[in-house]
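Naming convention: chains lettered A, B, ... in sequence-line order (proteins, then strands); numbering from 1 in each chain. Every value quoted in this text rests on a predicted model; they were computed, and no experiment measured them.
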2 protein chains.
Amino acid sequence: MSTEPEVPTNRPPTLTDVARLAGVSVATASKAINGRGEVRAATRVRVLEAAELLSFAPNALARGLLSGRTGTVGLLTSDLEGRFSIPILMGVEDAFGAGQVSVFLCDARGDAIREQHHVRALLSRRVDGLIVVGSRTDPRPPLAGNIPVPVVYVYDPSANPDDISITVDNVGGGRLAIEHLLACGRRNIAHITGDAGFQAARDRAEGAAAALADAGLGLIGDRPYFGSWDESWGRAAAHMLVEQHPETDAIFCGSDQIARGVLDTLRDLGRDVPRSTAVIGFDNWEAIAADSRPRLTSIDMNLKHLGAVAGQRLFAAIGGAVPGSEKFPGRIVMRESTLPVG
Amino acid sequence: MSTEPEVPTNRPPTLTDVARLAGVSVATASKAINGRGEVRAATRVRVLEAAELLSFAPNALARGLLSGRTGTVGLLTSDLEGRFSIPILMGVEDAFGAGQVSVFLCDARGDAIREQHHVRALLSRRVDGLIVVGSRTDPRPPLAGNIPVPVVYVYDPSANPDDISITVDNVGGGRLAIEHLLACGRRNIAHITGDAGFQAARDRAEGAAAALADAGLGLIGDRPYFGSWDESWGRAAAHMLVEQHPETDAIFCGSDQIARGVLDTLRDLGRDVPRSTAVIGFDNWEAIAADSRPRLTSIDMNLKHLGAVAGQRLFAAIGGAVPGSEKFPGRIVMRESTLPVG
DNA sequence: GCCCACTTCGAAAACGATCTCGAAATCCGA
DNA sequence: TCGGATTTCGAGATCGTTTTCGAAGTGGGC
């Protein structure tokens, strides 16, 4: 159906080519194509046909040079392999995907020098704005130098409160988890989580403690079991926990991986989940949570949505608005590892 | 140390500004900054100082408009959330990261229309080349329309053999897995894998069968156990397998998730891994393989390297070379789920 | 003092699109 | 058929950089 025009020239067609073919000036061709200015209907049709025939695509460089707007955005991520950057990145893509914005992807590998280098390159490409996405929630130093375009920080907030940061409410997430366990009728709740050096671990623990306090309760062992984020810590901590506090009837885990380890140990020890002990994870990492035995209830941080919001806020900021920072709550995804008693 | 110059103008400085400050013409300023042409040393220094003072960054749009080269590349991925795109994407980033190439990221979400739309946008931005990365190894239709820039397909090859495709040698991967199990002294080897609708599943099975045939052996059950790629299939298939063929002493799994399921079931049935039954996975997905009990030996497809090669080949093609398609072998990552007998 | 070779510099064109504003074409009624 | 109002169109400037090529400046040898 699409008869490729016989254009042996490898050089992409320019507006001049279109104008020549249509027998008009470039000015008229431009107006006809963009629907601007006064162009007779017949002329417009002639130009559009010519453009179609040559499969003309306007040179975005020339357009950007003139208008000062490129319709591009820089996406700086500190670690691509990180689990958190990807959904956020998808959200950003979604936010722009429909429109005419393209996204430059830059991975700084967590190196400040490299980041600086990328920022320089992006600015020289005259991006309209920047999105900085991190993989830890600990506040990060803002981009160095005076950036002449709007910047939005996602997941990992800027240390400068005047910057626009879109983050996750980890305190609320911890609260959410505990409230669910309480609603399931559990009262002896422990918290096994990752490295206390992470703000995320401390925040979730804080939310958990607060929710328990509201119910007149405290954590089993009086404090969280801080460790690392992986399965083996989950297994080890669960062993300790069951030994020291066999009365435990629910465990809030700081990550789904920890939760997997906990599930394994509980199974080994013959403790039924969720009947004897409920387990709830964090992150809702499908590959980990959706196919365990039993399938894992978890807190989902809506990272994709976070990314989409970041894109929207950046877009608004480019338009001249001055959006403030925002913090988003997670949601609970219920599966079989938590069930009401009775 | 870096005293920000007091430049109240928000408009980024142009070469004209630099030239004026240095007291030379724009032509001279350009030559001084790019090290081209004949410029007296003293003049060059003056220009460079002026540029530094204004923190001048050349407008890449103007440069690209003139030279016809933008130093940008489009990266089309079919699914960002897919496990395979990400390492490849990192490799591509790495391949260009050091240089002056920037990468446009576009996620087509597996939708051909959307892909077409993105291609159009990228071409209008005058990218120097395109990389198309897929998430299945089944050959895909090449990009529609006549693309005026080089294209490299990664992981997912183009159906057109004249295109440049950089792929994984899944047949070789299957062979690798079996040869390792044979080297460990196993003889009764089964293969539990994913959906037979996937080329990857068929290729790996083919390689496995070939390696066994070379040793005068065949698969337990005479054929692979095709199913799905997840843990629950691994558990179910392992149950069947042990019941029907208790003599099995090794299981080659088509994915690490399947392998996790298999490990679970073997544990339930009291079969020691690796002593009674060795288990090997595929993908070497760290989060899944590195913390299981026992830790999982797996085939790593070097996806990051694949991406890096794709970047290099694209770069060569942009330079005028005509690289051919390539297929890369995986490597085995040894952990404790396979051990030599004795 | 003169001429030539060589170095250093700048004016201007070019890339491709958009926008302004003046010129040309068209239409209307009288 | 003509004058004026209204469309419709096009020449040229513009964005910021690179590159060409000619002009100017410098120095040296005789």
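When rounded to the nearest whole Å, the span between CD of A:Glu38 and C1' of C:dA23 equals 16 Å. Between the P atom of D:dT17 and the CG atom of B:Leu61 lies a distance of 10 Å, rounded to the nearest Å. Between A:Asp17 atom CG and C:dG16 atom C1' the separation is 10 Å, expressed in whole Å. Distance A:Arg20 CZ to D:dG10 C1': 16 Å, rounded to the nearest Å. Rounded to an integer number of Å, the gap from A:Phe56 CZ to C:dA17 C1' is 8 Å. With rounding to whole Å, A:Ile33 atom CD1 is found 12 Å from C:dT18 atom C1'. With rounding to whole Å, B:Arg40 atom CZ is found 7 Å from C:dT8 atom P.
Put simply, the residue from B:Val119, B:Asp107, B:Ile131 that forms a side-chain contact (heavy atoms from CB on, under 4.5 Å) with B:Leu76 is B:Val119.
In this structure, B:Ser67 reaches neither bases nor backbone, as no heavy-atom distance under 4.0 Å exists between it and the strands shown.
Using a 4.0 Å cut-off between a side-chain N of Lys or Arg and a carboxylate O of Asp or Glu, A:Arg313 and A:Glu326 qualify as a salt bridge. Between B:Arg44 and B:Glu49 no salt bridge is recorded (no basic side-chain N to carboxylate O distance below 4.0 Å). Residues B:Arg136 and B:Asp138 are paired through a salt bridge, judged by an N-O separation under 4.0 Å between the basic side chain and the carboxylate. Under a 4.0 Å N-O distance rule, the pair B:Lys304/A:Glu81 does not qualify as a salt bridge.
Within the structure, salt bridge (Lys or Arg N to Asp or Glu O under 4.0 Å) pairs that include any residue of residues 17-30 of chain A comprise A:Arg11-A:Asp17, A:Asp17-A:Arg20 (at least two apart or interchain).
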Set out, line by line, the N/O atom pairs under 3.5 Å between protein and nucleotides 18-20 of chain D.
| residue | atom | partner | partner atom | Å |
| --- | --- | --- | --- | --- |
| D:dT18 | OP1 | B:Asn34 | ND2 | 3.1 |
| D:dT18 | OP1 | B:Arg63 | NE | 3.0 |
| D:dT18 | OP1 | B:Arg63 | NH2 | 2.8 |
| D:dT18 | OP2 | B:Ser30 | OG | 2.8 |
| D:dT18 | OP2 | B:Asn34 | ND2 | 3.2 |
| D:dT19 | OP2 | B:Arg36 | NE | 3.0 |

